[in-house]
Novice: 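Next up is a structure, given as structure tokens.
From a predicted model like this one, the values you see are computed outputs, not experimental measurements. In what follows, chains are A, B, ... by sequence order, proteins preceding strands, each numbered from 1.
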There are 2 protein chains.
Amino acid sequence: MTKRPADPANGSAPAARQVPMRDFSRSLPMSLLRAREAVMRQFRPKLREYGLTEQQWRILRALAAIEAAEVTELARTAFLLGPSLSRILRDLEARNLIERKTAKADQRRSMVSISKEGVKLMASIAPSSEAIYAEITRRFGVRKLAELQEMLGQLELCLASVDASDEITDDA
Amino acid sequence: MTKRPADPANGSAPAARQVPMRDFSRSLPMSLLRAREAVMRQFRPKLREYGLTEQQWRILRALAAIEAAEVTELARTAFLLGPSLSRILRDLEARNLIERKTAKADQRRSMVSISKEGVKLMASIAPSSEAIYAEITRRFGVRKLAELQEMLGQLELCLASVDASDEITDDA
DNA sequence: CGCATTCACTTAACATGTTAAGTATCTTCG
DNA sequence: CGAAGATACTTAACATGTTAAGTGAATGCG
């Protein structure tokens, strides 16, 4: 009722299709998705308690680390697309958690920074967040966690190089 | 000009916060998110070419593997929440890629299955999909990919047990 | 039997992901 | 200078993620 192991007891038979395909539940994207969900499930309750979504938290964390940033730079750091970031910044600004001011040199750019209130909020949440992270690390193992991160980084890297080349050859 | 290293050359000061926190970009959730995005970036163009989103593709793949399933079971398999699945099924049904019929024994349940057209579409895409997957495997390494999947599974497992415990102890 | 509860699914409402188009500003170059 | 193009965002529109509420059909139990 709460959560069956959810394991594919369905991996049984019907491979008789044209192209077999890997067992869907063991595809890399699914593995990554589920792993991430398992991790985030640990954090979300605490964030929710403070009225923050995962993305808002990402933005505040990024801002707390770099003091001020242009929107584009922030998007890259928090791994959000421009439009999402635009909306979220609008809301965070309305809640007085961030501040913006257009750059003097270039009126198009706007510098975003975390507000005093934002810092205070961060300070309230950070201990819990770190505790959760520590617990995850403990459960999974420090060594293994480092290994995993290393592999994830390598995966990202070895695929990133592909994108560049394939943006030219879309005809075949 | 395009992308400043974005490294904390600004790390000058703000470490003087209350709780330091790990470098945000190296947090496990971010690593998982970026890795998954790197992988999906390889697939999305091909899916888009066939007018499918990532989630629609997940559903079709799941259905192709199990022939027919109840909505709830499908949600678990495709790792989607009920409401999302409901909407997507409505759309896939409108496109005649799936079929539904309510179960005789229990009028609440509806059995979902992939249609002939759906199978045909799958057959069109599967080869490309497999080719992309093969290329990813080749680049990253078969061995390493298996290791990564193994670790992701373990991570999921060691965190899942946490959830369970807190879902049972709601009486105390 | 009858009614409360549970169950399977859908709708609703709001936030985000994603692509395309729009707007204002800056840059380039004739 | 001034118009074309590039840049930095923002808006718009649609699909999905996510939580809560709704609906109709089974179940349990008096």
Novice: Taking only side-chain N and O atoms of A:Gln56, does any of them lie within less than 4.0 angstrom of OP1 or OP2 on C:dA15?
Specialist: no
Novice: Could you tell me whether the side chains of A:Ser31 and B:Gln149 share a donor-acceptor contact shorter than 3.5 Å?
Specialist: yes
Novice: List for me each residue that meets salt bridge (Lys or Arg N to Asp or Glu O under 4.0 Å) alongside B:Arg44, sequence neighbours excluded, and say none if there are none.
Specialist: B:Glu37, B:Glu54
Novice: Would you kindly give the CZ-to-C1' distance between B:Arg90 and D:dA15, to the nearest whole Å?
Specialist: 11 Å
Novice: Within the pair A:Thr53 and C:dT16, is there a side-chain N or O less than 4.0 Å away from OP1 or OP2?
Specialist: yes
Novice: Can you pull out every salt bridge (charged side-chain N to carboxylate O under 4.0 Å, His left out) where at least one residue sits in residues 102-113 of chain B? Sequence neighbours excluded, please.
Specialist: B:Glu70-B:Arg109, B:Asp106-B:Arg108, B:Asp106-B:Arg109
Novice: Tell me the interatomic distance from A:Arg34, atom CZ, to D:dG17, atom C1', rounded to whole angstroms.
Specialist: 18 Å
Novice: Please name all residues satisfying salt bridge (Lys or Arg N to Asp or Glu O under 4.0 Å) with A:Arg87, sequence neighbours left out, ordered by chain then number.
Specialist: none
Novice: Rounded to whole Å, how long is the line connecting atom CZ of A:Arg41 with atom C1' of D:dT18?
Specialist: 13 Å
Novice: Out of D:dC9, C:dT11, D:dT16, which nucleotide sits closest to the side chain of B:Ser86?
Specialist: C:dT11
Novice: Does anything in residues 119-128 of chain B form a side-chain hydrogen bond (donor to acceptor under 3.5 Å, both in side chains)? List the pairs, not counting sequence neighbours.
Specialist: none
Novice: Using atom CD of A:Gln55 as one end and atom C1' of D:dG17 as the other, report the distance to the nearest whole Å.
Specialist: 9 Å
Novice: Expressed in angstrom and rounded to an integer, what is the separation of B:Arg87 atom CZ from C:dT10 atom P?
Specialist: 12 Å
Novice: Nearest whole Å is fine: how far is C:dT6 P from B:Arg109 CZ?
Specialist: 17 Å
Novice: Roughly, in whole Å, what's the span from CD in A:Glu70 to C1' in D:dT10?
Specialist: 16 Å
Novice: Students often get this wrong, so: under 4.0 angstrom with heavy atoms, is B:Ile88 touching a base, only sugar-phosphate, or nothing?
Specialist: sugar-phosphate
Novice: Do B:Phe140 and A:Leu28 have side-chain heavy atoms sitting under 4.5 Å apart?
Specialist: no
Novice: D:dA8 P sits how many Å from A:Leu74 CG, rounded?
Specialist: 15 Å
Novice: Ignoring backbone atoms, test whether A:Thr72 places a side-chain nitrogen or oxygen under 4.0 Å from the OP1 or OP2 oxygen of D:dC9.
Specialist: yes
Novice: Restricting to nitrogen or oxygen on both sides, can you table the protein-nucleotides 19-27 of chain D pairs closer than 3.5 Å?
Specialist:
unit_1	atom_1	unit_2	atom_2	d
D:dA26	OP1	B:Gln107	N	2.8

Novice: Can you sort out the partners of A:Glu93 under side-chain contact (heavy atoms from CB on, under 4.5 Å), two or more places apart, ordered by chain and number?
Specialist: A:Ile98, A:Arg100
